[in-house]
Amino acid sequence: MDLGLRDRVYVITGGSRGLGRATAQALVADGARVVISSRSKDGVAAAVTGLGAANAVGLAADNSSPDAPQQLVAAAMESFGRLDGALISVGGPPGGSVADISDEQWRASFESVFLGAVRMAVAFGAALGDGGSIVFVLSTSVRAPLESLAISNGLRPGLAGIAKSLADDLGPRGIRVNGLMPGRVATDRVIELDARIGDPDAVRAQLSQRIPLRRYAAPEEFGRVAAFVLSPAAAYVSGAMIPVDGGALRGF
């Protein structure tokens with residue numbers, strides 16, 4: 001199946017590793033070019049090298065910075081002359097129960113996870129034309145709270161509402177907005193969360209029993225779904241919150 005990605009250009013925030021990196025790899029493999037960002041300058045440089053300098057450029061940027069969205073739009077236009085879409089991904093917020101989270105952690109997470117993502121989407125929406133696509137990387141916490149992840153439980157559902165609102169606002173211009181809800185994907189972030197509970201291998205084996213497919217996803221499995229939703233092949237998919245969780249969510 002041809003996704004129609006050849007020579008299209010996408011911004012991938014949080015693109016130096018994890019779900020963002022996997023999405024960048026899937027897009028490039030199908031002929032797209034990418035602008036990736038991350039807070040880590042070294043991480044961005046390594047990712048660009050891995051993707052190939054002809055296919056990718058990178059920018060060290062923090063999602064919470066008010067200047068980051070326009071810097072990323074400018075990088076796409078200056079490097080490749082166009083922008084066709086964006087994956088808005090940000091590193092997971094600190095874990096903990098509601099009572100464990102400090103005011104400062106709430107404020108910092110709001111700036112990066114919520115407000116930063118909203119700024120990105122608004123800037124990308126203004127720069128995109130007919131056929132553009134924006135995808136938020138959310139979490140299954142949009143539909144069901146996750147244990148010891150109070151900040152995610154509080155902020156991700158709000159971003160899902162923003163995605164739906166933007167789908168309404170941008171749809172008349174031919175721009176699609178969707179959200180992806182990953183479950184247990186074997187990224188460094190998830191391994192770190194498992195290690196907080198106990199032995200990571202034992203925790204993974206235990207939690208896998210709650211997933212109908214009985215395993216965690218590989219990052220590239222998420223990346224291929226994200227590439228499809230961003231692509232012209234998904235031209236009539238908008239305003240959707242799509243689980244990539246092996247069937248773990250129990251609702252329809």
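When reading the values below, keep in mind they use all heavy atoms of this one structure, side chains included, and skip hydrogens, waters and symmetry mates. We number each residue from 1, following the sequence as shown.
Considering all non-hydrogen atoms of both residues, V203 and G198 come closest at CG2-N, 3.8 Å. Of all non-hydrogen atoms in I101 and P94, the two that sit nearest each other are CD1-O, 4.5 Å. Contact detail for N178 and M241: the closest heavy-atom pair is C-CE, 4.3 Å. Across every non-hydrogen atom of P182 and L19, the tightest pair is CG-CD1, 3.8 Å. Of all heavy-atom pairs spanning P93 and R189, the tightest one is O-NH2, 2.7 Å. Here the closest non-hydrogen pair linking L5 and S231 is CD2-CB, 3.6 Å.
The backbone N or O of Q206 lies less than 3.5 Å from no partner atom in the side chain of R210, so there is not a single donor-acceptor pair. A side-chain donor-acceptor contact under 3.5 Å links S102 to the backbone of Q105. Judged by distance alone, the side chain of S148 and the main-chain N or O of G96 form no donor-acceptor pair under 3.5 Å. In this structure, the side chain of K41 does not engage the main chain of A60 through any donor-acceptor pair within 3.5 Å. No donor-acceptor pair under 3.5 Å is formed between the side chain of E78 and the backbone N or O of A75. Side chain of R176 to backbone of V237: a donor-acceptor contact under 3.5 angstrom is found. In this structure a side-chain-to-backbone donor-acceptor pair under 3.5 Å is missing from R39 to D62. Within the 3.5 Å criterion, the main-chain N or O of D67 finds no donor-acceptor partner in the side chain of Q70. N153 places a side-chain N or O within 3.5 Å of a backbone atom of L146 that can act as its donor or acceptor partner.
Atom CZ of R184 sits in a crowded spot, with more than 12 heavy atoms from other residues, nucleotides or ligands closer than 6.0 Å. Other residues, nucleotides and ligands contribute more than 12 heavy atoms inside 6.0 Å of the CD atom of Q209.
Residues Y216 and I211 have side chains in contact (heavy-atom distance under 4.5 Å, counting atoms from C-beta outward). Using a 4.5 Å heavy-atom threshold, the side chains of F222 and T23 count as touching. A 4.5 Å side-chain heavy-atom check between Q25 and P219 finds every atom pair outside the cut-off. The shortest distance between side-chain heavy atoms of L83 and L128 falls below 4.5 Å. The side-chain heavy atoms of V34 and V57, taken from C-beta on, include no pair separated by under 4.5 Å. In this structure, V229 and I242 have side chains that are in contact, with non-hydrogen atoms separated by less than 4.5 Å. Counting heavy atoms from C-beta on, the side chains of T187 and R17 never come closer than 4.5 Å. Looking only at side-chain heavy atoms (C-beta outward), L3 and P232 stay at 4.5 Å or farther from each other.
Electrostatic pairing of E220 and R21 does not count as a salt bridge here, judged by no charged N lying under 4.0 Å from a carboxylate O. Salt bridge annotation for R6-D30: absent, with no cationic side-chain nitrogen under 4.0 angstrom from a carboxylate oxygen. Look at D194 and R196 and you find no salt bridge, because none of the NZ, NE, NH1 or NH2 atoms lies under 4.0 Å from a carboxylate O.
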- request: Could you please spell out the steps behind the side chain to side chain contact (heavy atoms under 4.5 Å, CB included) verdict for S139 and M181?
  value: CA-CA 4 Å; S139 164; M181 301 185 295; 5.9 Å; no
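Looking only at atom types and distance, the side chain of S37 has no donor-acceptor partner in the side chain of T13 under 3.5 Å away. Side-chain contact of S97 with D100: a donor-acceptor pair under 3.5 Å is present, judged by distance alone. Side-chain polar atoms of S64 and S112 form no donor-acceptor pair below 3.5 angstrom.
Hydrophobic clustering (ILVMFWY, side-chain heavy atoms < 4.5 Å, transitive): I134 and L27 are in distinct clusters.
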